[in-house]
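From a predicted model like this one, the values you see are computed outputs, not experimental measurements.
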Amino acid sequence: MAADEILDIVDEQDRVVGQAPRGEATEKGLRHRCAFVLARDAGGRIFVHRRTATKLVFPSLYDMFVGGVVGAGESYDEAALREAEEELGVSGLPRPVPLFKFLYESPEHSWWSYVYEVRCDLPVNPQVEEVAWHGFLTEDEVERRLEEWEWVPDGLAAYRRLRAHRTR
């Protein structure tokens, strides 16, 4: 999405307090909303990809989630489906299942992150503007690569929370 896409700016309780263009929100570290979707194929393998070098945030890093920012006035659920279909290059994906929400914060970034899961039985055709490499990996393969590859920090935080969520 373009840097001029309008986002809702939110507070510590995820209440809308304003709006700003995406580029400004990123540059100034304004808290906004994101949807993270763990996509699995029919065999239960996880869609993993390497982001392109032109991405505004975390270029060239690996991620086990598809997704992105929630537009102004858009719900998390709407953004999760839209972003998953865009990044996977499919249409007709089932609605992603919402799992949990958490606040991701680092010195540079802050966003409310809603984590979802979806099964994708469709052949994927990822956006070349977004995805430099992709594959479906088993959970064991993802676990082995956690220490080998450089992952997006927010996706890694979401993945660790997802593992903890599942062991409850």
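Taking 4.0 Å as the cut-off between side-chain N and carboxylate O, E108 and K28 do not count as a salt-bridged pair. A salt bridge is absent between D77 and R95; no separation between the charged side-chain nitrogens and carboxylate oxygens falls under 4.0 Å. Contact check on R31 versus E12 returns a salt bridge, with a Lys/Arg side-chain nitrogen under 4.0 Å from an Asp/Glu carboxylate oxygen. Using a cut-off of 4.0 Å between Lys/Arg side-chain N and Asp/Glu carboxylate O, R33 and E74 are scored as not salt-bridged. Under a 4.0 Å N-O distance rule, the pair R51/E150 does not qualify as a salt bridge. Looking at K55 and E129, no side-chain N of the basic residue comes within less than 4.0 Å of a carboxylate O on the acidic one, giving no salt bridge. Electrostatic pairing of R82 and E78 does not count as a salt bridge here, judged by no charged N lying under 4.0 Å from a carboxylate O.
Across all their heavy atoms, S60 and R50 have their closest contact at O-NE, 3.0 Å. Of all non-hydrogen atoms in A158 and F65, the two that sit nearest each other are CB-CE1, 3.7 Å.
A tilted orientation is assigned to the rings of W111 and H109, their planes being inclined by 30° to 60°. Classification of the F47-F136 ring pair by plane angle, with boundaries at 30° and 60°, yields perpendicular.
One N or O on the side chain of W112 and one on the backbone of D11 form a donor-acceptor pair closer than 3.5 Å. E83 contributes no side-chain N or O that, together with a main-chain N or O of A80, makes up a donor-acceptor pair within less than 3.5 Å. At least one donor-acceptor pair under 3.5 Å links the side chain of W151 to the backbone N or O of R145. Using modelled atom types, no side-chain atom of Q19 and backbone atom of I9 make a donor-acceptor pair closer than 3.5 Å.
How far CD of E85 is from CD of Q127: 11.5 Å, rounded to the nearest 0.5 Å. Between the CG atom of D14 and the CZ atom of F102 there is a distance of 12.5 Å, given to the nearest 0.5 Å. Note that CZ of R22 and CG of D4 are 10.5 Å apart. Values are rounded to the nearest 0.5 Å.
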* **Worked verdict on H134 versus Y62 for ring-ring contact (aromatic ring centres under 6.0 Å, His included)** => CA-CA 9 Å; H134 74 279; Y62 288 91; over 10 Å; no

* To do: Test salt bridge (charged side-chain N to carboxylate O under 4.0 Å, His left out) on R166 and E117 and set out the steps.
  => CA-CA 12 Å; R166 290 213 167 111; E117 190 165 35; 2.7 Å; yes

